[in-house]
Amino acid sequence: MKKLINQVEDFVRESLEGMAAAHPELVRVHLDPNYVVRADAPVVGKVALVSGGGSGHEPMHAGFVGRGMLDAACPGEVFTSPTPDQLLEATRAVHGGAGVLNIVKNYSGDVMNFEMAAELAAAEGISVANILIDDDVAVRDSLYTQGRRGVGTTVLAEKICGAAAERGYDLDRLAALCRKTNAAGRSMGMALTSCTVPARGSPTFDLGADEMEIGIGIHGEPGRQRLPLPAADAVSEMLATAILQDPAYSRVAREWDRSASAWQDIELVDEPLKAGDTVLAFVNSMGGTPLAELYVVYRKLAEVCRKHRVEIVRSWVGPYITSLEMQGVSITLLRLDDELTGLWDDPVLTPALRWGA
Amino acid sequence: MKKLINQVEDFVRESLEGMAAAHPELVRVHLDPNYVVRADAPVVGKVALVSGGGSGHEPMHAGFVGRGMLDAACPGEVFTSPTPDQLLEATRAVHGGAGVLNIVKNYSGDVMNFEMAAELAAAEGISVANILIDDDVAVRDSLYTQGRRGVGTTVLAEKICGAAAERGYDLDRLAALCRKTNAAGRSMGMALTSCTVPARGSPTFDLGADEMEIGIGIHGEPGRQRLPLPAADAVSEMLATAILQDPAYSRVAREWDRSASAWQDIELVDEPLKAGDTVLAFVNSMGGTPLAELYVVYRKLAEVCRKHRVEIVRSWVGPYITSLEMQGVSITLLRLDDELTGLWDDPVLTPALRWGA
Amino acid sequence: MPLTLQQTRAWLERSAQVLSENQQHLTDLDAAIGDADHGSNMDRGFCKILAALAAGAPADIGALLKLAAMTLIGSVGGAAGPLYGTLFLRMAAEAADKAELADAEVVGMFRSGLLGLQDRGNAGPGAKTMVDAWLPAVDALQAGVAAGQELASAAHGMRLAAEAGMRATIPMQATKGRASYLGERSIGHQDPGATSTFLILRALDEVLRSP
Amino acid sequence: MPLTLQQTRAWLERSAQVLSENQQHLTDLDAAIGDADHGSNMDRGFCKILAALAAGAPADIGALLKLAAMTLIGSVGGAAGPLYGTLFLRMAAEAADKAELADAEVVGMFRSGLLGLQDRGNAGPGAKTMVDAWLPAVDALQAGVAAGQELASAAHGMRLAAEAGMRATIPMQATKGRASYLGERSIGHQDPGATSTFLILRALDEVLRSP
Ligand SMILES: Nc1ncnc2c1ncn2[C@@H]1O[C@H](COP(=O)(O)OP(=O)(O)O)[C@@H](O)[C@H]1O
Ligand SMILES: Nc1ncnc2c1ncn2[C@@H]1O[C@H](COP(=O)(O)OP(=O)(O)O)[C@@H](O)[C@H]1O
Ligand SMILES: [Mg+2]
Ligand SMILES: [Mg+2]
Ligand SMILES: [Mg+2]
Ligand SMILES: [Mg+2]
């Protein structure tokens, strides 16, 4: 295992300490339990946005803490969701009296820990909403699986909801916006190489020199299928087509009912993308794939979208939701309307994403 | 070789096409010869900034084209400097009547091609200044080498001079600023892995599982020394100490004398960093090293700087000047004064760097 | 013979030991169909339990198990944290204020824990999760006690059932948890959570059989 | 026997061929002490020369070499582009408007090219660059012609001197070009630019010796 780390067990903490040292004007880092909050937290009267998940996906989530995006991020161990008490402490640290929106990626671990945290926060009288992100079209059904994973759309929802919170959206409106953003986003990813979880010390899977894993998540897990690695255009087309041709996706999601103080199952349906839609196109590196290759993928993506008469009006290209040093790429398309476009364009000031500020 | 590319010979072009598709509001891409200019070029009355070099260092340089930074970037083949006629065409495309500053990394290829381009531009009546960036402290002397390489300080100079050009600096003042920025910056890098030049198809060098190359450049070349890979803290301290303890560096540089229309040798001396200095600290990924590891390196860098009583007042962490997918890190420290700090903070609007706009 | 506070504590300590010994094994199983962290997750949690016990041991089984539960919830994370945490928390509720538990109470305690696990994770049998080890194990314990066996031999039956349940996950296609994303590719691999379950129940068996 | 336009053209074509055949070899040499692109750089440039010649061949040696020079300058990049480009440009100036060159003129042409190379790159002998092949080669050509040899045999001597010069770069420590950054680690490797020089001068030898 070749990494720029010291002791394996200190990796997450030391990385957070480095982040604290690098961006004192933007974020404050709390250790044991670990969470990162924006420097001016709590912002009184604003709904607070909390997200979290395993470490190893940097800059997600801690890199997106700051004005116009997250109020707090809770990094767990590498690829391990944070714990309820960790989430609860972060929630307390950023709660500004207007409630807390938890943006939760749909993995059993993340979901359960966030549910326990929400119960604890609610018991303390904090208004909370947990909205799930489940946008990975590589997972086809929700009947025979844990349901679609939360991947690329997560970061877009964080940006968009963060902007809305700054604009003064209340918790109900923000929860609805987050649900809508999730419904509008679809993603799919692939890997050229595996990655090495520091505590294990060897790659999670082995791939032949001419193979790729397609339909991967963001935890270095093997994907849906192993296939011969084709040219970049074919990879891009494969991912883009899976997203563009994905049919309506229905499933039952569990959300916290604040009036009943109980979990409630709600049925959700994501409408497919269709000709005439305008989208944000997000081409993401899994960590080890350099920018020049992302643009090769983007080039073909733009062509495929044109063919489907889906118009790209915003683009985002870079390593934003990663799996350690994994080489690979994911594509996310987010259907935009004026509300989402405007919120995407709003100023943001975080360690990893910054504009208009 | 595992990369997201199509035909090797199309890589640079297709990547540029992807960039053009992704950022039409920021840049225009010209093919054959290849160059990237800001969307509103030429900006009349402003000194134009041109940089360039081999491809494979993305986002440098093309990702830094836009308001507040470069007017044009000329990407050569992978790790191969662009040609004089390519540079000349780019120069013509961005010249707004106030002259052109070429920011040139000190490699024999870059220097010679930029010199020929400057001669051609001058012959057309365009005022040009070529300023060399030579900040790599891994190269000790300039007597027995080509002189120090241009590495991390290049991007900082592009940002700072780009801001100054927006503020209205004329060519002489801008050239002096670029020289001053170069004199204030020092860098050193290391690699955990080699990288694979697409046209070659196999890694440029082989490194054992426990080895690193220290004192590398940005072309996947082997470095000054191969050493056992220590913990991240030791790596960070090694790089930081080499920079902080680097003595005054003198050499003779060749600059274009506009009045004499001839090259002139000038003697330059970079003063060492010293206690009491304030600096910008730049921790850069060589391409394949993920952000979380950069922060581990930053953490120790901050500690070493404190020990040397050098105060970090600005930080920059990410993959900004890379060697394809190489894993490794470089550190740059840039001594700041009020002028440089203010220019660093000025708005910038490019595909890869954006704030205040 | 009832289950004593001391035995319960010995069980937790022995579990910590075997989970630590099997950390790499559990992580390797998780690498095949998950994200390569189950071993470190379980080891981290049970190490913290040891630390908590060293700082001051509770005086009844309920408090002891609650300490274990809260420690797991607060330190494991991932899927295993809430699942094992909830399991121990429900067990703790059944054992509240008890310095020892009669055999039937032990059965009730594990049954309650299992229900908690299923409430939290919503997985039935056959989904290729730890439920596939816990469910037959608790059934076997109950059957053994109902058949009048000593607790130690009923717990031995529990261990054997957990082992069989663990092995039975191999041919299953996962429908819950991270492995479910692999679809048919999950077939042929043993579930890491079912494996840690077996290790924990083998630890109980060993503790109850030692003099 | 003078050097003809046709021979000069054949030389460029033969050079293109051998550089293409040796692309991987040159790149491998460059990987050891440089950045693994010298083979593709030279191949790209000389392929473009072939394409330019196919589009319409100039009518005198000067124009032919100028076309080669401008093509190299415009397509090679890196260090090799300006260096070889300048070398051919200076040679072209010496051969302006000539359909053939007398032996002494050939010597003068190469001498002038070498000076251009050194003006551009500022490297003396011993710096482990292409100069270490060009310099003894031009000296040998000049000596051969001065001694009254046929051009073909003087060019053969030139080739042998280039080869010896190329090999002599192996023990050298580089002080110019990218290899200089390696310090002592550059010792023991043959310089890629000196190698492409040898290949080009071997091509000349072959062309002049063929009937
Ligand atoms: N919904 C669920 N119900 C029961 N057990 C589950 C569920 N989801 C996952 N598991 C168990 O959790 C184990 C994985 O734990 P761990 O690796 O620690 O968490 P994560 O999957 O978050 O990385 C699986 O092997 C499986 O036994
Ligand atoms: N200053 C110089 N003078 C003469 N030759 C040089 C000089 N710098 C480099 N070279 C030659 O150029 C060769 C490298 O060419 P190439 O690999 O194409 O360019 P780059 O070094 O820019 O990648 C070296 O092997 C050396 O022979
Ligand atoms: Mg996990
Ligand atoms: Mg090169
Ligand atoms: Mg796991
Ligand atoms: Mg080279």
Side-chain angles (χ1 to χ4, degrees), chain A residues 2-7 11-12 14-19 21-23 55-56 58-59 63 192-193 207 209-210 212 229 231-233 235-236 281 283 287-302 312 315 317-319 322 324-325 327-329 349 351-352 354-357, chain B residues 2-7 11-12 14-19 21-23 55-56 58-59 63 192-193 207 209-210 212 229 231-233 235-236 281 283 287-300 302-303 312 315 317-319 322 324-325 327-329 349 351-352 354-357:
Chain A
K2 278 186 128 168
K3 290 180 188 287
L4 287 166
I5 63 176
N6 297 302
Q7 296 302 311
F11 173 44
V12 170
E14 291 184 346
S15 184
L16 288 172
E17 287 174 352
M19 194 178 183
H23 312 291
S55 291
E58 291 71 22
L192 294 177
T193 62
L207 261 182
D210 302 320
M212 66 169 172
L229 176 65
D233 278 357
V235 170
S236 185
V283 173
T289 284
L291 191 55
E293 296 179 33
L294 299 184
Y295 280 123
V296 173
V297 171
Y298 188 95
R299 173 183 170 277
K300 185 69 183 180
L301 170 65
I312 302 178
S315 70
V317 183
T322 61
L324 298 168
E325 74 286 355
Q327 290 183 10
V329 69
L349 181 53
R354 190 174 163 186
W355 56 65
Chain B
K2 278 187 128 170
K3 288 180 189 287
L4 288 166
I5 63 175
N6 298 302
Q7 297 302 311
F11 173 44
V12 170
E14 292 185 344
S15 184
L16 288 172
E17 287 174 353
M19 194 178 183
H23 312 292
S55 291
E58 292 70 22
L192 295 176
T193 61
L207 260 183
D210 303 319
M212 66 170 175
L229 176 64
D233 277 358
V235 170
S236 185
V283 173
T289 283
L291 191 55
E293 295 177 34
L294 299 185
Y295 280 123
V296 173
V297 171
Y298 188 94
R299 173 183 169 276
K300 185 68 184 183
E303 189 186 309
I312 302 178
S315 69
V317 182
T322 61
L324 297 169
E325 74 287 353
Q327 290 182 10
V329 69
L349 180 54
R354 191 173 163 186
W355 59 64

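Per chain, numbering begins at 1; letters A, B, ... match sequence-line order.
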Exercise. List the atom of B:Arg299, the atom of A:Gly18, and the distance in Å for their closest heavy-atom pair.
Key: CB-CA, 3.6 Å

Quiz item: Of all of B:Ala352, B:Gly328, B:Ala302, B:Ala292, which one pairs up most often with chain A through heavy atoms under 4.5 Å apart?
Solution: B:Ala292

Quiz item: Given a strict heavy-atom distance threshold of 4.5 Å, which part of B:Gln327 is in contact with chain A: side chain, backbone, both, or neither?
Solution: side chain

Practice problem: Enter the distance from B:Asp233:CG to A:Leu4:CG here, rounded to the nearest 0.5 Å. | Solution: 10.5 Å

Quiz item: Checking B:Leu192 against chain A: side chain, backbone, both or neither under 4.5 Å from a heavy atom?
Solution: both

Exercise. State the OG-CD distance between A:Ser236 and A:Glu293, to the nearest 0.5 angstrom.
Key: 12.5 Å

Practice problem: Just give me the residue among B:Gly318, B:Gly356, B:Gly287, B:Ala22 that pairs up with chain A most often, heavy atom to heavy atom, under 4.5 Å. | Solution: B:Ala22

Self-check item: Closest-packed option against chain A by number of heavy-atom pairs under 4.5 Å, given B:Glu303, B:Glu325, B:Glu14, B:Glu17
Solution: B:Glu14

Quiz item: Under a 4.5 Å heavy-atom cutoff, which of B:Asn6, B:Val296, B:Leu291, B:Leu16 has the most pairs with chain A?
Solution: B:Asn6

Quiz prompt | Side chains of B:Pro290 and A:Thr322 in contact at under 4.5 Å (non-hydrogen atoms) | solution = no

Quiz item: Quick one: do the A:Tyr295 and B:His23 side chains pair a donor with an acceptor below 3.5 Å?
Solution: yes

Quiz item: Checking heavy atoms, do the side chain of B:Thr289, its backbone, both or neither come under 4.5 Å from chain A?
Solution: side chain

Quiz item: If you look at every heavy atom in A:Tyr298 and B:Ala21, which pair is closest and at what distance?
Solution: CE2-C, 3.6 Å

Quiz item: If you count heavy-atom pairs under 4.5 Å with chain A, which of B:Met212, B:Gln7, B:Glu58, B:Arg354 comes out on top?
Solution: B:Arg354

